[in-house]
Amino acid sequence: MPTVSIGRDRLFAALGESYTQEDFEDLCFRFGIELDDVTTEKAIIRKEKHIDEEADDDEEIIYKIEIPANRYDLLCLEGLAQALRVFNKKQEIPTYTLADITKDKILQMKVKPETSRIRPFIVCAVLRGVTFDEARYNSFIDLQDKLHQNICRRRSLVAIGTHDLDTLQGPFTYEALPPTDINFVPLKQTKSYRADKLMEFYKSDMKLKKFLHIIENSPVFPVLYDSKRTVLSFPPIINGAHSAITLQTKNVFIECTATDLTKAKIVLNTMVTTFSEYCERKFEIEPVEVTYDDGKSYIYPDLAVYDMEVPLSYITDSIGVSLEVEQVTSLLTRMQLHAEPTEPSDNQCAIKVHVPPSRSDVLHPCDVMEDVAIAYGFNNIPTRSPASIKPLPLNELTDLLRIEIAMNVYTEVVTWILCSRKENFALLNREDDNSAVIIENPRSADFEAMRRTLMPGILKTVGSNKDHPKPIKIYEISDVAMLDESKDVGASNRRHLAALHCGATSGFELIHGLVDRIMEVMAIPFVPVNDNTGYYIKLSQEPEFLPGRQASIVVRGKQIGNFGIVHPQVLNNFDITDPCSFVEIDIQALL
Amino acid sequence: MAETERSILGFLQNSDQISDSGQFSSDHNLDHDQVKNVIKSLQAFRYIDAQEVIRKTWVLTEEGNKYATQGSPEVQLFSAVPEEGSISMVELKVQHVEDKMKGLLLQIQQGKEVDKDGIDFLKGRKKLIEQVKWNGYCSIKKGPNYAPERRKVSTDLTRENLENWKELEFKEYNFNTKGAPLDSGLLHPLLKVRKQFKDIFVQMGFEEMPTNNFVESSFWNFDALFQPQQHPARDSHDTFFLKAPCTTRTLPEDYVEKVKRVHESGGYGSRGYSCDWKREEANKNLLRTHTTAVSSRMLYALAQKPFVPKKYFSIDRVFRNEAVDRTHLAEFHQMEGLICDRGLTLGDLIGVLKDFFARLGMPKLMFKPAYNPYTEPSMEIFSYHEKLGKWVEIGNSGMFRPEMLRPMGLPEDVQVIAWGLGLERPTMILYGIDNIRDLFGHKVDLGLIKRNPICRIGI
């Protein structure tokens with residue numbers, strides 16, 4: 001996206017209002033441009049020359065503003081300030097007019113047929129009674145530069161020449177001649193060059209050498225003359241020195257040569273609409289007649305307003321707000337689009353939109369609809385959310401952890417929730433602390449209670465797989481149940497993760513390593529004991545584990561689980577003949 | 001060592017305590033250093049309790065030892081004087097001298113206590129005595145794990161020692177270090193994030209588009225999207241064009257004709273770009289610059305049948321001819337979501353975006369008008385970044401232009417709302433990576449892939 005650099009104070013003066021940076025950013029955001037950088041001229045020079053120097057307080061603040069790529073009319077202070085003034089309802093939309101000039105007085109541009117071999121189109125206009133000062137002059141030059149870089153595609157599609165009309169004598173001719181036939185003094189030079197020599201000369205010019213390829217291999221070069229054979233310009237390379245504009249220039253002749261006529265017209269319209277505000281007769285542009293060899297002639301600039309009829313319902317239905325016709329027209333006015341309701345027909349309300357020549361970006365009613373939405377405020381539009389589903393975070397986390405544990409080469413098991421009271425406590429060397437949910441009418445001793453931990457199910461699985469090659473590495477992530485006073489029914493579930501290693505050795509360090517990995521995937525850092533910003537491991541004394549080979553896992557100060565070598569007594573209770581290490585963590589505490 | 005251990009444990013079997021390890025060593029003719037080591041080890045396993053003591057004692061230097069046997073130099077001189085007046089020059093003031101130095105030195109030699117005055121006296125002379133630290137243990141008693149004989153020390157419970165686990169003794173385990181590193185396979189963080197995004201799209205009812213075609217024609221990548229042929233994005237410094245295969249072989253001709261017309265002269269209510277549209281330009285093959293190339297194919301296919309509403313998404317690779325730096329790569333992943341239905345509004349688009357980004361933990365959104373050749377309105381999506389304390393751009397969105405949809409043959413009242421964002425940036429923010437090359441490509445740090453957490457987007 002193109003960026004324009006504008007003096008902040010001059011911009012605020014043009015807007016008739018001073019802003020804090022924050023307020024200005026907000027205005028930009030709503031209008032659809034962006035304050036990209038705040039700097040100073042000297043800071044830019046310092047940066048270019050890599051000088052380390054303190055900034056002076058009195059340096060002029062420069063705003064670098066990002067402009068949407070299709071808004072050529074905003075590429076200079078004049079156009080941007082006008083658009084924002086209109087947006088802020090501080091100015092009426094200007095109406096651009098062509099000076100009323102008689103057929104015999106109109107400036108003539110004759111196009112020779114050879115131009116069709118290299119750069120076939122030309123459009124021209126005159127700005128009369130312009131008052132330049134240094135800032136306006138620089139802005140005028142900068143705008144040409146921005147247009148050349150963007151819509152003109154580095155002068156390949158369109159090249160702009162601006163001239164002090166008072167140094168020239170019409171009628172003008174646009175010709176294409178062999179390079180050796182063109183001789184003139186180019187801008188910023190004092191001696192005359194022949195065009196082919198000049199091309200050679202510019203090969204070492206950093207700025208101009210990139211444009212040489214556009215005509216280099218052509219047998220004829222485009223050139224503009226006045227009636228005294230003074231060269232105006234040698235497009236798309238350089239203007240003549242003779243007609244250069246200065247701060248004193250009053251009458252400006254603008255010509256755009258092109259390979260793309262539409263873009264040439266847009267460029268010319270952008271130039272004349274933004275700078276006609278400095279003309280003696282504001283917003284009035286003097287036309288030029290361009291006549292081709294076949295006798296066809298055209299008056300430029302083409303300031304015709306493009307009328308578009310847009311149904312009200314199209315606008316409101318696309319945005320999703322209900323607006324009256326008057327609201328829509330007044331919103332469009334703020335976007336520099338004149339609009340009025342049409343005569344209603346078939347109960348259809350429609351709006352006639354007059355697209356000014358400065359708004360080449362408006363192609364379709366959807367562009368009008370967007371401008372209504374911008375003026376209304378994107379962030380004020382009532383939203384409609386489509387139907388969609390949201391998964392349960394606990395189950396999402398469970399599934400992600402299941403995959404992580406499996407990737408550490410543990411095999412998943414799914415065991416029963418129901419167990420015997422013995423398995424819940426006694427077989428784990430535990431006292432029955434009456435925390436388990438007890439079944440009143442069990443059909444067998446296997447279904448007396450709901451598991452308090454995942455441990456009995458995991459141990460039963462190992463006990464039943466005696467013949468399985470060792471080591472056995474299994475895990476389960478599932479719910480346990482417990483009595484819970486805070487619940488209406490007096491019981492609740494908790495999501496637990498359990499993993500076991502069984503083999504020739506207990507694999508205690510491997511289970512410890514798995515604990516570390518679980519913490520790593522949960523993004524919980526390992527910290528020293530009693531540090532509450534992460535997790536640490538602390539020796540514990542639980543009856544189901546072997547003394548000295550068991551520990552608590554403490555996460556952010558809260559104990560969330562234990563791991564250890566399963567007590568040989570417990571192994572014996574579950575008929576397991578190989579040592580096992582086991583971990584069980586409450587993952588709900590990590591959610 | 002084992003003998004020393006047996007002596008200590010055996011002694012305590014019948015006695016209350018060993019009051020001093022030094023004394024015990026000399027009584028039992030044991031090396032005191034070894035006794036200390038055994039006490040330390042037995043204490044660690046709580047066989048015994050003992051208190052460490054440090055004593056500072058004085059010992060004789062070589063010279064001190066000499067004088068302790070031979071007497072002080074002065075007394076030696078005195079003794080050297082013959083009994084009766086043979087040395088005339090010497091007049092003995094006393095007939096007998098007491099050798100105080102020798103006495104003190106002998107006391108120290110025998111390990112007896114010497115008072116401060118005595119020490120000061122000896123210190124007054126050069127290099128007779130020096131101070132040494134002595135450490136040992138006192139009040140050595142039975143500990144909670146006392147047994148007359150040490151049990152076997154193990155590091156782990158094993159199949160072999162499980163039978164006699166009651167007799168096992170375990171070495172102390174260090175819980176202040178991490179456990180054993182695991183041998184496991186791990187997934188790349190970028191694709192972990194992709195999976196979460198994919199899940200979110202599916203939960204919102206979107207179906208995935210087939211995006212397994214990197215080579216695309218300019219037609220589907222640009223022209224079908226109403227992107228003008230002189231648009232800067234179509235320059236060779238933004239897009240990779242192909243030498244082989246350099247052009248597309250076929251395009252749907254009647255559709256191409258409609259696209260050409262809408263570019264050149266408009267239609268469907270549009271003015272068009274009023275410039276020449278060249279088929280050769282559309283035929284040029286390229287590496288797709290966005291997955292919207294696939295969206296255009298999908299929407300065209302949708303328009304060829306009786307209309308049904310669709311919600312599509314894709315997350316796949318796109319290519320840009322850009323200089324590679326900390327934040328840019330020549331290829332990256334684009335996520336795209338679109339809804340094609342009758343009567344969609346800008347309000348629907350904002351609503352679906354709020355739903356989508358809220359699932360990513362970004363509930364505060366703002367929308368800024370923007371320009372994009374194939375969407376109108378176009379909105380840049382900004383999210384409030386709590387840590388940075390400012391609004392940051394997170395994606396682009398818009399409604400597809402009628403100039404794109406109508407030539408495809410979609411009914412007039414059908415709208416398409418769409419949005420897109422990169423996959424790398426959110427991943428880099430989530431995993432705290434500030435150089436894209438650390439995340440994606442062959443210069444990736446494999447350690448980073450191994451260390452990263454699960455993607456908890458929306459969890």
Side-chain angles (χ1 to χ4, degrees), chain A residues 29 32 68-70 153 157 260 262 306 317-320 363-367 370 373-374 378-379 381-386 388-391 393 396-397 400 404 407-409 504-506 508-510 512-517 520-523 526 537-539 546 548-549 551 565 568 578-579, chain B residues 156-159 162 165 170 172-173 175-176 178-187 199 203-205 230 232 266 268-275 339 343 345-348 350-352 354-355 359 366-371 376-379 399 401-403 415 451 453-456 458-459:
Chain A
F29 196 97
N70 63 341
R153 304 310 320 280
L157 301 181
D260 181 323
T262 311
Y306 179 77
D317 290 354
S318 297
I319 302 173
L363 302 177
H364 184 275
C366 70
D367 298 291
E370 179 187 57
I374 292 172
F378 279 178
N379 298 295
I381 295 169
T383 64
R384 275 202 316 215
S385 287
S388 67
I389 48 162
K390 265 206 172 104
E396 284 280 281
L397 179 65
L400 287 168
E404 287 288 343
M407 288 197 308
N408 287 288
V409 205
T505 60
S506 79
F508 180 64
E509 290 181 347
L510 297 173
H512 184 181
L514 183 66
V515 170
D516 292 327
R517 178 63 188 158
E520 188 168 65
V521 302
M522 295 303 297
F526 185 54
I537 306 295
K538 210 173 78 177
L539 192 70
L546 194 64
R549 279 295 182 280
I565 297 179
D578 284 315
Chain B
D156 198 0
L157 191 65
T158 64
R159 196 175 282 157
L162 183 57
W165 67 272
F170 286 100
E172 206 176 357
Y173 189 85
F175 288 110
N176 296 320
K178 290 198 173 183
L182 305 178
D183 193 14
S184 49
L186 299 159
L187 294 177
D199 286 354
Q203 287 149 14
M204 291 176 69
Q230 295 95 344
Y268 318 97
S270 175
R271 302 200 244 179
Y273 291 122
S274 318
C275 61
I339 305 176
T345 70
L346 207 49
D348 288 305
I350 296 172
V352 75
K354 284 188 170 169
D355 185 1
R359 290 161 185 264
M366 284 261 274
F367 300 92
K368 175 182 163 289
Y371 169 66
E376 190 82 6
S378 308
M379 304 193 299
M399 300 175 87
R401 292 188 71 99
E403 292 99 323
Q415 303 271 19
R451 282 190 308 271
I454 53 175
C455 173
R456 291 186 68 179
I459 306 166

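Chain letters run A, B, ... following the sequence lines, proteins first, then strands; residues in each count from 1.
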Q: Do you know the tightest heavy-atom contact between B:Gln230 and A:Arg153?
A: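 Minimum heavy-atom contact is O-NH1, 2.6 Å.
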
Q: Within this structure, what is the CE-CZ distance for the pair A:Met522 and B:Arg456, rounded to the nearest 0.5 Å?
A: 3.5 Å

Q: Name the region of B:Leu182, side chain, backbone, both or neither, that has any atom closer than 4.5 Å to a heavy atom of chain A.
A: side chain

Q: What residue, out of A:Gly548, A:Ala551, A:Ser506, has the most heavy-atom pairs lying under 4.5 Å from chain B?
A: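 Sorted descending by pairs with chain B, the first entry is A:Ser506.
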
Q: Among A:Pro391, A:Ala504, A:Ala373, A:Pro68, which has the most heavy-atom pairs under 4.5 Å with chain B?
A: A:Ala504

Q: Are A:Arg549 and B:Asp156 within salt-bridge range, i.e. N to O under 4.0 Å?
A: no

Q: List for me each residue that meets side chain to side chain contact (heavy atoms under 4.5 Å, CB included) alongside B:Lys178, sequence neighbours excluded, and say none if there are none.
A: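 Once residues adjacent in sequence are excluded, the partners of B:Lys178 under the side chain to side chain contact (heavy atoms under 4.5 Å, CB included) criterion are A:Asp516, A:Phe526, A:Tyr535.
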
Q: In terms of heavy-atom pairs under 4.5 Å with chain A, which of B:Lys354, B:Glu172, B:Met204, B:Met366 leads?
A: B:Met366

Q: As an exercise: rank A:Leu546, A:Leu514, A:Val521 by heavy-atom pairs under 4.5 Å with chain B and give me the winner.
A: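 If we count pairs closer than 4.5 Å to chain B, A:Val521 comes out on top.
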
Q: Just to verify, what does B:Gln415 make a side chain to side chain contact (heavy atoms under 4.5 Å, CB included) with, not counting sequence neighbours?
A: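 Scan of B:Gln415 (side chain to side chain contact (heavy atoms under 4.5 Å, CB included), adjacent residues dropped) gives A:Ser318, B:Leu344, B:Met399.
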
Q: Nearest heavy-atom pair of B:Ala370 and A:Glu370: which atoms, and what distance?
A: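 That closest heavy-atom pairing would be O-OE2, 3.8 Å.
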
Q: Taking side chain as everything from C-beta outward and backbone as N, CA, C, O, which of these in A:Glu396 sits under 4.5 Å from a heavy atom of chain B? Side chain, backbone, both or neither.
A: both

Q: Name the member of A:Leu363, A:Thr383, A:Ile381, A:Thr505 that forms the most heavy-atom pairs with chain B at distances under 4.5 Å.
A: A:Leu363

Q: For the residue pair A:His364 and B:Glu403, what are the closest heavy atoms and their distance?
A: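 Shortest heavy-atom separation between A:His364 and B:Glu403 comes out as CB-OE2, 3.3 Å.
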
Q: CD1/A:Ile565 to CH2/B:Trp165 distance, rounded to the nearest 0.5 angstrom?
A: 12.0 Å

Q: Would you check, one step at a time, whether the test side chain to side chain contact (heavy atoms under 4.5 Å, CB included) holds for B:Arg401 with A:Asp367?
A: CA-CA 9 Å; B:Arg401 292 188 71 99; A:Asp367 298 291; 2.6 Å; yes

Q: With respect to chain B, which residue among A:Val409, A:Leu400, A:Val515 yields the maximal number of heavy-atom pairs within a distance under 4.5 Å?
A: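 Between A:Val409, A:Leu400, A:Val515, the count favours A:Leu400.
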
Q: Does A:Asp578 reach the main-chain N or O of B:Arg159 with its side chain, forming a donor-acceptor pair under 3.5 Å?
A: no

Q: According to the interplanar angle, ranging from 0 to 90°, do the rings of B:Phe175 and A:His512 count as parallel (below 30°), tilted (30 to 60°) or perpendicular (above 60°)?
A: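 Rings of B:Phe175 and A:His512: tilted, as their planes differ by 30° to 60°.
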
Q: If I compare all heavy atoms of B:Leu346 with all of A:Phe378, which pair ends up nearest, and what's the gap?
A: CD2-CE2, 4.1 Å

Q: Tell me the closest heavy-atom pair linking B:Ala180 and A:Leu510, and the distance in Å.
A: CB-CD2, 4.0 Å

Q: Using non-hydrogen atoms only, which part of B:Asp355 is less than 4.5 Å away from chain A: side chain, backbone, both, or neither?
A: side chain

Q: On a heavy-atom basis, which atom in B:Cys275 and which in A:Asp260 lie closest, and how many Å separate them?
A: CB-OD2, 3.6 Å

Q: Could you tell me whether a side-chain N or O of A:Thr262 sits under 3.5 Å from a main-chain N or O of B:Ser274, the two making a donor and an acceptor?
A: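 The answer is yes, because a donor-acceptor pair under 3.5 Å joins these two groups.
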
Q: Shorter than 4.5 Å, heavy atoms on both sides: which option in B:Gly272, B:Gly205, B:Pro402 has the most such pairs with chain A?
A: B:Pro402

Q: Which residue out of A:Pro568, A:Gly320, A:Pro365 racks up the most heavy-atom pairs below 4.5 Å with chain B?
A: A:Pro568

Q: Are more than 12 heavy atoms, taken from residues, nucleotides or ligands other than A:Lys390, located less than 6.0 Å from that residue's NZ atom?
A: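 Atom NZ in A:Lys390 is packed in, count exceeds 12.
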
